[in-house]
Amino acid sequence: MSLPAAWSKCWASQTSKPTLWDASAGWISRGDLARRTKAAAGRLFGAGLRKGDRIILSAAASVDLVVAHVAALRLGLIVVPVNGAYQQGELAHIVGDAEPRAAVVDNPQWVRWLAELAPEILVASPRLDLDDAAAPSLDQLSSRDPALLGYTSGTTGVPKGAVLTHGNLLAGAESVRIAWRWTPDDRLVLALPLFHMHGLGVGLHGTLLTGASAVLLDGFSASAVLDAAEAHDATLFFGVPTMYTRLAQSHRVSELSRLRLCVAGSAALPADLHRRLGEAADVRVLERYGMTETIMLVSNPYDGERRAGTVGFPLPGVELRLAPDSGEVLVRGPNVFAGYWRRPEATEEAFDEDGWFRTGDLGEFDEEGYLRLRGRAKELVISGGLNVYPREVEDALRSHSGVDDVAITGTPDEEWGELVTAWVVPVAGNTPKLEDLRSHLDGVCAPFKHPRLLHLIDELPRNALGKAQKHLLG
């Protein structure tokens, strides 16, 4: 079954049941969502889009954005979710690689950039202000049909598109439905962005699959989350460690106790923060582990100890083992992606000879079988739950007149997970300051990729082949 077919089956019952809320639209029902997505799919079809075409989606979380996303999937389009903070060069790479036929965006600057990059692309707002047209037959999709093209990079510095099928997305949402006891009576406060797998593939897709409901917030603040939980009788909250740090700092933190489940992911949750939330709000945050290529992999148990500093056990349907030579986490299952978009060599490299996906993360099991992540073989930095690709930032900084050489790493931080850290070998007589480097990246890299810490060093440690040995820094 495809993901939209599973959703449609749910919408056919209790059509008046509330399913999504935002500050502009208020509550819409299952029946409303079914009708609106059918009409939106018709408009996309009328504009010339067909099964297999790629469509960029990048806008603030809203009912309109969800309608556009679901309509695209029902029509068989391949959704390309993109962070709206990306600058022109970052967007240009995705446009050139994915070759989208359309883009749904709410940033006027992006509209101008897209017109320059690819004038032939159809650009629309999340309201899909296109001509009405009759909807074609919808939801006629195989579990093997591609549904999502999620861009990720690892160590290469050049983002690759991970092709996730309808079966992958369905398996990912179903595994957490089972593991977290998600029911139609649950209501999620969803403050995560919908360009990220945590917010989109787990929060939104899981809500629609279970027939539950979600309150969509355009951005995060501790007060907005707690207000929404109270006003809408919410039962669930999913967040990244940065969000939980700010909730723990709020004088209202005890209000989290009204929720039956709080889930953390996208970066490691500090054990001390886990403890503080337990003491202040009587909340045992459930930490889990996933990535773009696999959606969700591992979760602490709903019943039983949610062990701080670990990510728990494999989710239903997921097989996991550690490589005997390195301790790298290897996985396989129906949630694991089909491969990288137009990159057969990268796809081959990502799997071992027995078909296990190499996550690039290093792990170990404790005495009771809980998985603990102890580092990354890949050099990805995760700050505030968002991926920062070191090589991309390094390449941009090397054009600064005061930078002779540079390496980007992550420094552990309780609030952000990791702080983007620049190790700079300065040009003699032209030593840059942190604010100089950040200003240099304005308009080149999204603000979350800008370094927050700067270390000036005499030289980078390198091996015999000239590769920077980042583990020797710090």
Side-chain angles (χ1 to χ4, degrees), residues 3-4 6-23 25-34 61-63 66 69-70 169-194 196-217 220 224-240 243-244 247 255-266 277 281-288 290 295-296 299-304 306 312 315-317:
L3 194 60
W7 293 338
S8 296
K9 183 178 179 181
C10 175
W11 299 333
S13 64
Q14 294 183 286
T15 56
S16 62
K17 187 178 186 297
T19 187
L20 293 173
W21 180 95
D22 73 16
W27 280 105
I28 70 165
S29 69
R30 291 178 176 180
D32 293 332
L33 187 58
S62 68
V63 168
V66 173
H69 172 69
V70 173
L169 297 180
L170 182 58
E174 176 68 0
S175 68
V176 294
R177 183 195 69 81
I178 295 169
W180 299 343
R181 311 292 194 269
W182 211 336
T183 76
D185 294 327
D186 278 312
R187 179 159 291 166
L188 171 67
V189 177
L190 185 51
L192 293 160
L194 297 185
H196 195 280
M197 190 57 69
H198 194 170
L200 185 67
V202 182
L204 178 64
H205 292 175
T207 293
L208 299 181
L209 180 65
T210 58
S213 55
V215 177
L216 303 175
L217 300 183
F220 169 84
V225 166
L226 296 171
D227 287 347
E230 179 180 16
H232 298 288
D233 295 321
T235 61
L236 305 173
F237 175 70
F238 301 164
V240 299
M243 294 178 176
Y244 283 106
L247 285 164
E255 296 178 33
L256 285 176
S257 62
R258 71 171 64 249
L259 303 169
R260 77 163 181 87
L261 179 62
C262 291
V263 176
S266 300
L277 288 165
D282 194 26
V283 168
R284 296 180 303 131
V285 175
L286 186 152
E287 192 169 2
R288 90 306 178 273
I295 317 172
M296 293 300 101
S299 171
N300 265 269
Y302 183 82
D303 299 310
R306 299 171 193 173
L315 284 161

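Side-chain atoms are counted along with the backbone in the values below, which use heavy atoms only and exclude waters and symmetry mates.
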(message) If only side-chain N and O atoms count, and only distance matters, is there a donor-acceptor pair under 3.5 Å linking Arg187 with Ser213?
(response) yes
(request) Give me the ring orientation class for Trp27 and Trp21: parallel if the planes are under 30° apart, tilted from 30 to 60°, perpendicular past 60°. (result) tilted
(request) Give a yes or no answer on whether the side chain of Asn300 reaches the backbone of Glu287 with a donor-acceptor pair at less than 3.5 Å. (result) yes
(request) Would you confirm whether Asp32, through its side chain, and Ser29, through its main-chain N or O, come within 3.5 Å as a donor-acceptor pair? (result) yes
(message) Determine whether a donor-acceptor pair (N or O, by modelled atom type, separation under 3.5 Å) exists between the side chain of Arg288 and the backbone of Val263.
(response) no
(request) May I ask you to test the Leu204-His69 pair for a side-chain heavy-atom distance under 4.5 Å? (result) yes
(request) Take Leu259 and Val283, measure what side-chain contact (heavy atoms from CB on, under 4.5 Å) needs, and give me the verdict at the end. (result) CA-CA 8 Å; Leu259 303 169; Val283 168; over 6 Å; no
(request) Could you tell me whether a side-chain N or O of Arg306 sits under 3.5 Å from a main-chain N or O of Tyr302, the two making a donor and an acceptor? (result) yes
(message) For a quick test of reading the model, state the closest non-hydrogen atom pair linking Ala191 to Val225 and the distance between them.
(response) CB-CG2, 4.2 Å
(request) Taking the side chain as every heavy atom from C-beta outward, state whether Leu190 and Thr207 have any pair of such atoms under 4.5 Å apart. (result) no
(message) I want to check something: taking the side chain as every heavy atom from C-beta on, are Thr210 and Thr183 in contact at a cut-off of under 4.5 Å?
(response) no
(request) Compare all side-chain heavy atoms of Met243 with those of Ser266 and state whether any distance is below 4.5 angstrom. (result) no
(request) Identify the two heavy atoms, one from Ala6 and one from Leu170, that lie closest to each other, and give their separation to 0.1 Å. (result) CB-CD1, 4.0 Å
(request) Check whether any side-chain heavy atom of Val240 lies under 4.5 Å from a side-chain heavy atom of Phe220, and answer yes or no. (result) no
(request) Output yes when a side-chain donor or acceptor of His232 lies under 3.5 Å from a complementary backbone atom of Ala234, and no otherwise. (result) no
(request) For side-chain contact (heavy atoms from CB on, under 4.5 Å), just list the numbers for Val66 and Leu194, CA-CA rounded to whole Å, side-chain angles, deciding distance to a tenth of an Å, and then say yes or no. (result) CA-CA 9 Å; Val66 173; Leu194 297 185; 4.0 Å; yes
(message) Could you tell me if the side chain of Val63 sits less than 4.5 Å from the side chain of Leu33, heavy atoms only?
(response) no
(message) For a side-chain contact (heavy atoms from CB on, under 4.5 Å) check, start with the C-alpha distance between Leu226 and Leu247, then their side-chain angles and the critical distance, and finish with the verdict.
(response) CA-CA 9 Å; Leu226 296 171; Leu247 285 164; 4.1 Å; yes
(request) Mark yes when over 12 heavy atoms from residues, nucleotides or ligands other than Asp282 sit less than 6.0 Å from its CG; otherwise mark no. (result) no
(request) Would you mind reporting whether Val202 and Trp180 have side-chain heavy atoms less than 4.5 Å apart? (result) yes
(request) Could you check if a side-chain atom of Leu286 sits within less than 4.5 angstrom of a side-chain atom of Ser299, using non-hydrogen atoms only? (result) yes
